[in-house]
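Chain A is the first sequence line, chain B the second, and so forth, proteins listed ahead of strands; every chain is numbered from 1.
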2 protein chains.
Amino acid sequence: MLIESLNHPAPEALLAFLRAHLHARVTLHLAGEVEVLYAGRATSMAEAGDRLLLVKPDGSLQVHGPRGVKPVNWQPRTDHLSAELEGGCVVLHAERRSPAEVVQVRVIGCAQVTALNLADEALFLLQGTEAQMQQALARAPHLIEAGLTVLDRELLVGVGGIDLYARDAQGRFVVVELKRGKAGHDAVHQLGRYVDAVRTQVPGTVVRGILAAPDITVPALKAAQAAGLEFVKVEALPQVPEEARQPSLF
Amino acid sequence: MLIESLNHPAPEALLAFLRAHLHARVTLHLAGEVEVLYAGRATSMAEAGDRLLLVKPDGSLQVHGPRGVKPVNWQPRTDHLSAELEGGCVVLHAERRSPAEVVQVRVIGCAQVTALNLADEALFLLQGTEAQMQQALARAPHLIEAGLTVLDRELLVGVGGIDLYARDAQGRFVVVELKRGKAGHDAVHQLGRYVDAVRTQVPGTVVRGILAAPDITVPALKAAQAAGLEFVKVEALPQVPEEARQPSLF
DNA sequence: ACCTGGATGTCGATG
DNA sequence: CATCGACGTCCAGGT
């Protein structure tokens with residue numbers, strides 16, 4: 001997994017290292033003093049400072065400072081990636097089109113550079129996504145309301161899709177908007193938009209709107225009530241039945 | 001800047017290394033085979049695989065795979081961070097409250113671990129933010145429309161704030177919503193919401209709504225026209241005057 | 001290529 | 001602490 005690593009390489013050695021590994025399906029890690037220029041949707045300039053640079057096989061690049069999960073500068077997946085010597089410093093160019101953007105990393109000094117082989121992605125399971133919530137509620141719509149019958153999922157109406165389209169016990173149409181976390185008033189407006197769209201497409205019918213989420217902000221709840229929309233509390237993570245909780249599994 | 005680095009340390013050596021540096025205002029970088037569990041707003045499990053682990057002085061942690069800017073697993077800023085030996089493997093625990101979340105990283109094998117001192121953040125300048133756009137347009141509202149007078153910025157109305165509140169040449173009130181990038185129909189609805197709020201608060205007056213952005217999606221433009229709202233194209237990055245473009249600067 | 005919406009979004013500001 | 005909105009959001013998926 002560890003392919004090669006250099007401590008305090010001279011610019012020429014660093015350039016050779018980068019040239020050797022940049023396009024070799026390899027992940028690069030570089031710690032050093034670095035200056036970053038970015039131009040694209042916006043423009044940024046980061047003065048020289050100690051940073052941590054990461055370059056992945058897909059050409060994505062990120063420059064990390066001492067704080068936070070977010071990089072100081074980044075480039076999501078480049079169409080072109082190259083390293084040159086400019087004025088005695090190694091400079092990395094990372095470009096992409098659409099949107100047209102450039103990130104330029106000037107390496108003033110390199111403390112350590114490492115080439116790694118990160119193997120193909122191992123199995124990754126995520127639970128609690130909105131898609132899973134939608135599937136679970138489509139199978140058990142009574143968790144939203146007794147007597148609910150799901151007609152459709154991801155029903156396209158105008159532009160954008162209705163999470164769940166259903167009919168209630170009285171035969172009225174119901175538009176359900178799901179949120180995996182606390183719903184804000186943006187969710188209320190999204191729901192209102194879908195309800196309006198359905199009312200427009202099917203004139204003369206009663207259409208209910210239900211916002212289903214584990215929680216809702218106070219202003220959002222007020223907005224929902226004002227707009228004649230309903231909020232129903234549902235759990236994001238499906239409850240494990242009591243009999244299935246075998247202590248032996250832990 | 002480079003404090004210490006180990007290649008292929010045994011679990012005990014790795015544990016000692018982590019214990020020595022974890023709470024020392026130091027940035028840690030670890031490459032190795034790793035298994036990650038996450039539980040919090042959602043739940044995830046990543047089987048053992050070659051990954052790159054980053055731990056920053058603020059307690060933030062991220063585990064990177066071979067693709068993309070986004071980590072496979074992460075934790076934004078922990079309240080508690082610790083390393084233990086469990087079953088012959090070093091295990092990192094990263095917890096935070098609010099939201100209550102845990103990330104657990106089991107290090108099956110470590111190829112390289114490095115402790116770095118990332119100095120305090122250097123100067124960072126970002127241009128082209130919405131805030132800067134707002135400031136520029138507040139000073140030069142004619143870029144939106146001739147005869148416009150800005151009354152207020154970030155005017156609070158109900159929920160959320162109006163980017164620019166103005167009066168046009170005919171004395172009508174104008175609500176301006178800014179977007180630094182291409183505006184979608186969410187921007188249209190946000191503007192519509194603000195316009196409605198103003199009309200409610202000041203009944204009987206004519207209120208115009210202008211969406212000012214460098215671009216707009218086709219559906220958003222249609223939605224704006226249908227809602228009686230206007231779109232005005234403005235540049236996100238302030239245009240540099242011709243006389244200021246000195247080739248010598250490049 | 002454009003557009004939409006989700007996300008463990010993250011992050012900072014503000015009441 | 002809750003809420004809200006920007007972000008170079010990133011990213012996958014659909015048309």
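Pairing for C:dT8 is absent, with no Watson-Crick or G-U wobble pair whose two atom distances lie under 3.5 Å.
Of all nucleotides in DNA chain C, those with any atom nearer than 4.0 Å to a heavy atom of chain A start and finish, going 5' to 3', at C:dT4 to C:dG12.
Taking the P atoms as reference points, C:dA7 lies 22 Å from D:dC7, given to the whole Å. Rounded to whole Å, the C1' atom of D:dG8 lies 24 Å from the corresponding atom of C:dT14. On the P atoms, D:dC11 is 15 Å away from C:dC11, given to the nearest whole Å.
A salt bridge is absent between B:E130 and B:R180; no separation between the charged side-chain nitrogens and carboxylate oxygens falls under 4.0 Å. Salt-bridge check for B:E145 with B:R208: passed, with a basic side-chain N closer than 4.0 Å to an acidic carboxylate O. Ionic pairing of B:D79 and B:R96 is not present here: no N-O contact between side-chain nitrogen and carboxylate oxygen is shorter than 4.0 angstrom.
The closest side-chain donor-acceptor pair between B:Y38 and B:E101 falls under 3.5 angstrom. Side-chain contact, A:S60 with A:Q62: no donor N or O sits under 3.5 Å from an acceptor N or O. Residues B:R193 and A:H189 bring a donor and an acceptor atom of their side chains to less than 3.5 Å of each other. B:H64 and A:K56 share a side-chain donor-acceptor pair at under 3.5 Å. A donor-acceptor contact closer than 3.5 angstrom links the side chains of B:Q134 and B:E154.
For A:R67, the CZ atom counts as loosely surrounded, since its 6.0 Å shell holds 12 or fewer non-hydrogen atoms of other residues, nucleotides or ligands.
Here B:Q134 lies out of heavy-atom contact (under 4.0 Å) with every strand. Among the atoms of the strands shown, only primed sugar atoms or phosphate atoms (P, OP1, OP2) are found under 4.0 Å from some heavy atom of A:G160. Counting non-hydrogen atoms under 4.0 angstrom, A:V218 reaches the backbone sugars and phosphates but no base. Residue A:E130 is classed as a sugar-phosphate contact, given heavy-atom separations below 4.0 Å to backbone atoms only. Among the protein residues, B:N73 comes within range of the nucleic acid bases, having at least one heavy atom under 4.0 Å from a base atom. Within 4.0 Å of B:P99, counting heavy atoms only, lies no atom of the nucleic acid at all.
Contact check of residues 42-66 of chain A against DNA chain D (heavy atom, cut-off under 4.0 Å) returns A:A42.
Distance, A:D186 CG to D:dT3 P: 13 Å, rounded to whole Å. When the C1' atom of D:dT3 is taken as reference, atom NZ of A:K222 falls 12 Å away, rounded to whole Å. Rounded to whole Å, the distance from CZ on B:R180 to P on D:dG8 is 6 Å.
An OP1 or OP2 oxygen of D:dC4 is reached within less than 4.0 angstrom by a side-chain nitrogen or oxygen of A:H185.
Considering A:L137, A:I144, A:D163 in turn, A:I144 is the only one that fulfils the side-chain contact (heavy atoms from CB on, under 4.5 Å) rule with A:V176.
Judged by closest nucleotide on DNA chain D, B:S98 is the one of B:L126 and B:S98 placed further toward the 5' end.
Considering only heavy atoms from C-beta on, A:Y165 comes within 4.5 Å of A:V175 through its side chain.
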Interface polar pairs with nucleotides 11-15 of chain D, N/O, under 3.5 angstrom:
| from | atom 1 | to | atom 2 | distance (Å) |
| --- | --- | --- | --- | --- |
| D:dC11 | OP1 | B:V69 | N | 2.8 |
| D:dC11 | OP1 | B:K70 | N | 3.2 |

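Taking the ring centroids of A:H29 and B:H29, they lie under the 6.0 Å cut-off.
Side-chain proximity of B:Y194 to the nucleotides D:dC4, D:dT9, D:dG5 is greatest for D:dG5.
Donor-acceptor pairing under 3.5 Å, judged by distance alone, is present between the side chain of A:Q75 and the base of D:dG8.
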